[in-house]
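Heads up: the structure comes next, in structure tokens.
As a basis for the values below, the full set of heavy atoms in this structure was taken, side chains included, without hydrogen atoms, waters or symmetry mates.
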Amino acid sequence: MATASASTSGNWELLKRDLLTCPICKDFFDDNNKKARALIPCLHSFCEECLHVLIGGRTSGMFECPMCHNEIFIHEEGVEWFQVDFHKQSLLDYLPDDSRNRLAANWRSQKFCTACDNHPIAESWCNVCKYLCRICSDSHKGMFVFKTHQVVELTEEVERNLEERFHEKMCGEHQQEMNKVCTTCMEPVCDLCIESFHVENHEICSLTDAAAESRVLLENLTTAVLSQQEPLRQVRSNISKDHTMIQKQGDTSIESLHLVFEKCHTALRVQEEALTSRITQPHSHFQKQLVDKRESAELKLMQMGSNYEHVSDVMDKGSDIKVVRTRKEIEPTMNEISSWVIDTKPALQLRNLRFEHQDTELQSICDKIARLGNVVDEVVTIEKIGQAFKGYTSTINMKVSDSLNNPLSVLPEFVQFQVLDPSQQIIQSTVSNVADGKVVITYKPQEAGEHTFVMFSKHDPDSKCKMVIDVHELSVAVEVINAKVYKPSTVKVTIQKVVDGRECGVESRVKCLMSSSSWQSIPCEIMTFNIEDGLYTFRFIPRSHDMHILDICVGDDTIVRRQITSVIGITAADVGITASCGLGLVNHKCVVDIEKSKQSTEPLLYPRLKNPKGEMCPINIGTSSGCQSRWHFYPTIPGTYTLEVYGDLNEFYELCTLQIPVYSLNFQIYKKSAFSSVYDIIVLAVNENQEVHLVSDRHMIQMQVRNKRNQVLESSTVIDGLGWKLNFACSGPDMCKIYTRTHSSSEFVEHAEVFRILN
């Protein structure tokens with residue numbers, strides 16, 4: 001009977017596992033969102049939740065059955081299209097609700113053997129085979145092949161630890177083991193995660209490989225992080241020293257401050273006590289007299305009230321005998337009270353008790369207290385130590401401010417500094433104060449090697465800041481190639497520094513500044529840069545024939561200043577490139593006259609024209625006659641046009657610049673009188689800012705008035721206080737238009753102004 005019962009229990013466990021649970025999530029089917037649905041054509045059943053995950057919201061296509069790997073068609077209705085597995089649902093219907101819930105709870109907490117085919121309830125745990133039933137556990141203990149396997153009894157503590165490890169490995173979305181890693185997202189994933197979320201452009205690898213790679217990476221990162229310990233310890237040590245120094249300075253300053261103000265407080269307290277005593281003594285005596293009088297009056301009031309209440313009570317409630325006896329007892333006292341002489345007059349005394357002081361003296365004392373001391377808060381910070389080379393001036397930049405980072409004007413007196421050479425000898429240095437709290441220290445090292453910059457306070461020589469400066473030897477060679485006025489010229493600069501006995505290029509940024517007596521600064525453009533050979537090639541355009549100064553800067557420091565006297569060619573006055581232009585009008589031909597001196601060596605000139613918006617505009621290069629050329633263009637908008645004249649076809653360099661104002665024309669038409677057929681047209685020139693300018697040169701613009709038959713009406717010009725006017729006559733009604741042209745153009749330009757002449 002016992003064997004039959006055990007067999008029945010085992011079969012019931014198999015029935016529960018095979019028929020009543022979802023193969024994916026291992027959870028019981030139910031009538032809600034865990035309803036069993038069968039796939040077609042394989043008829044494997046899964047719960048609705050897992051089917052939703054498998055389909056992933058798709059309404060078409062195919063997916064693979066997790067059990068048999070057959071391709072399953074996805075209908076547009078989704079999961080609802082698959083038929084409910086009524087066989088499994090009917091088995092659940094046989095169970096009452098409470099039994100079904102209890103069975104589901106027990107099932108979820110139950111563990112089954114993973115080593116045998118029948119999968120009975122597990123009683124032990126193996127580090128290799130996972131869960132073991134009683135039979136498999138006995139086999140592990142008696143067989144040699146399982147000698148290395150570690151088997152423990154499946155207690156509550158072991159099961160809790162396994163549960164934590166199990167949940168760590170299980171996917172929270174699909175309840176499957178995460179045995180792979182998406183290296184793109186760097187996340188552990190299960191098979192369903194790969195199909196649902198990590199499809200396109202995602203790289204997948206095994207969990208073991210990813211863990212091994214992560215261990216190597218974490219070890220490298222740990223090594224790199226540990227390498228920062230020593231610098232951080234040094235930083236911590238420096239901070240501790242600074243903290244000790246600041247704490248010491250603060251304590252000393254506060255102690256001095258307290259001593260000064262304690263003396264002031266003592267003097268004030270002594271005076272305060274003396275004045276207070278002079279006030280309290282008479283005040284206390286007068287108050288005592290008043291208190292005595294008040295107590296006497298209150299005592300009499302109490303006596304009077306007591307007697308009065310007693311008599312009133314006897315008279316109201318007492319018998320006749322009581323009244324007679326009370327009279328005998330209290331009559332003498334009442335007669336005495338009635339005979340009291342009470343003085344109600346106020347005291348004929350005027351008292352004035354107050355504290356007097358002089359406001360001027362008090363203000364003077366407050367002013368002296370305000371000037372009693374001052375807190376000096378000065379911070380000197382080394383911002384930059386420039387590159388240092390033997391025999392060349394080098395700089396150290398410092399910032400002077402208070403603790404709130406507000407700049408100070410000069411270097412504080414407490415600051416002492418020294419620049420020491422390799423033999424610890426002091427090098428002469430100078431200090432220059434610059435605006436905004438900037439201070440520059442300049443020095444010139446006379447030998448290469450390790451120098452030291454020391455800064456300390458004269459109040460506390462132990463508080464020192466030290467910086468090491470590496471001074472190298474430097475060689476500079478300057479070669480000027482074909483320097484000509486108004487021609488692109490080339491300067492080759494070779495800079496080498498000696499490090500450990502070998503020459504190498506300078507790593508920092510190198511720039512050149514060119515200047516002359518005629519032009520304060522000339523832009524230099526770097527053309528080539530070769531750090532290995534230390535060769536820098538610069539291009540500049542000399543503007544004069546005089547001496548030029550070349551400053552070679554390494555970083556922000558000027559290292560070398562060289563004079564260049566080899567500029568050849570004609571002088572700037574002999575170049576003689578000039579440009580002139582008349583009045584520019586919108587949509588009219590604008591002419592520019594270019595003239596070169598006879599000594600000019602420029603074979604051709606090249607224009608660049610920009611409109612007021614900075615856009616390039618076309619310009620027509622006309623014919624040339626000797627040293628003269630005439631160019632023209634047609635402006636389209638009012639404003640200032642910029643014409644730049646360049647020389648040399650291969651490498652443009654600017655020779656001169658011309659600003660050309662361009663206006664648009666407006667017209668105002670007036671009739672002489674009501675009975676006249678003569679009309680006046682006033683011509684107005686308007687710039688880009690809508691500012692009106694009167695046109696007063698009759699030869700600058702030619703104007704015509706034409707009727708609708710394109711016949712030119714007779715007209716004449718007049719110049720008066722309103723500028724330039726055109727008079728014309730029209731004998732009958734007509735439609736007229738205005739046409740204009742400049743003196744340099746042969747064609748009239750039609751304007752949009754159209755006006756009607758009426759009788």
Decide yes or no for [X] and [Y]: does some side-chain heavy atom of the first lie under 4.5 Å from some side-chain heavy atom of the second?
{"X": "Leu643", "Y": "Ile619", "value": "yes"}
{"X": "Val591", "Y": "Arg630", "value": "yes"}
{"X": "Leu218", "Y": "Asn220", "value": "no"}
{"X": "Ile637", "Y": "Val586", "value": "no"}
{"X": "Glu615", "Y": "Lys610", "value": "no"}
{"X": "Met455", "Y": "Ile382", "value": "yes"}
{"X": "Pro638", "Y": "Asn687", "value": "no"}
{"X": "Glu447", "Y": "Asp421", "value": "yes"}

Heavy-atom count check: over 12 atoms from other residues, nucleotides or ligands less than 6.0 Å from [X] [atom1]?
{"X": "Glu213", "atom1": "CD", "value": "no"}
{"X": "Gln229", "atom1": "CD", "value": "yes"}
{"X": "Gln659", "atom1": "CD", "value": "yes"}
{"X": "Glu383", "atom1": "CD", "value": "yes"}
{"X": "Arg269", "atom1": "CZ", "value": "yes"}

Quick one: pull up [atom1] in [X] and [atom2] in [Y] and give me the separation to the nearest 0.5 Å.
{"X": "Lys444", "Y": "Thr393", "atom1": "NZ", "atom2": "OG1", "answer": "4.5 Å"}
{"X": "Glu361", "Y": "Gln363", "atom1": "CD", "atom2": "CD", "answer": "12.0 Å"}
{"X": "Glu219", "Y": "Ser214", "atom1": "CD", "atom2": "OG", "answer": "11.0 Å"}
{"X": "Thr223", "Y": "Gln228", "atom1": "OG1", "atom2": "CD", "answer": "12.0 Å"}
{"X": "Gln247", "Y": "Thr252", "atom1": "CD", "atom2": "OG1", "answer": "10.0 Å"}
{"X": "Tyr443", "Y": "Ile396", "atom1": "OH", "atom2": "CD1", "answer": "5.0 Å"}

If every non-hydrogen atom of [X] is compared with every non-hydrogen atom of [Y], which pair is closest and at what distance?
{"X": "Phe389", "Y": "Ser394", "value": "N-OG, 3.7 Å"}
{"X": "Gly639", "Y": "Pro612", "value": "CA-CG, 3.5 Å"}
{"X": "Asn587", "Y": "Thr636", "value": "OD1-CA, 4.3 Å"}
{"X": "Glu473", "Y": "Ala448", "value": "CG-CB, 3.9 Å"}
{"X": "Ile660", "Y": "Cys590", "value": "CG2-SG, 4.1 Å"}
{"X": "Met398", "Y": "Phe453", "value": "SD-CZ, 4.2 Å"}

Tell me, with the steps shown, if Glu272 and Val270 meet side-chain contact (heavy atoms from CB on, under 4.5 Å).
CA-CA 5 Å; Glu272 181 185 12; Val270 170; over 6 Å; no
Ignoring hydrogens and geometry, is there a side-chain-to-backbone donor-acceptor pair from Ser364 to Thr360 under 3.5 Å?
no
Could you tell me whether the side chain of Asp209 and the main chain of Cys205 form a donor-acceptor pair under 3.5 Å?
no
Mind running ring-ring contact (aromatic ring centres under 6.0 Å, His included) on Phe633 and Tyr641 for me, showing each step along the way?
CA-CA 11 Å; Phe633 67 99; Tyr641 285 68; 5.6 Å; yes
Before accepting this row, confirm whether a basic side-chain N of the pair Glu688/Lys613 lies closer than 4.0 Å to the acidic partner's carboxylate O.
no
Salt-bridge contact Arg233-Glu230 (side-chain N to carboxylate O under 4.0 Å)
yes
Run Ile204 and Cys182 through side-chain contact (heavy atoms from CB on, under 4.5 Å) and show every step you take.
CA-CA 5 Å; Ile204 308 297; Cys182 175; 3.8 Å; yes
Stepwise, does the side-chain contact (heavy atoms from CB on, under 4.5 Å) test hold for Asn620 with Trp631?
CA-CA 6 Å; Asn620 185 17; Trp631 302 341; over 6 Å; no
Show, in sequence, the C-alpha distance, side-chain angles and deciding distance for Glu450 and Val471, and conclude whether the side-chain contact (heavy atoms from CB on, under 4.5 Å) test is met.
CA-CA 6 Å; Glu450 188 177 279; Val471 178; over 6 Å; no
Side chains of Thr430 and Thr442: is there a donor and an acceptor less than 3.5 Å apart?
yes
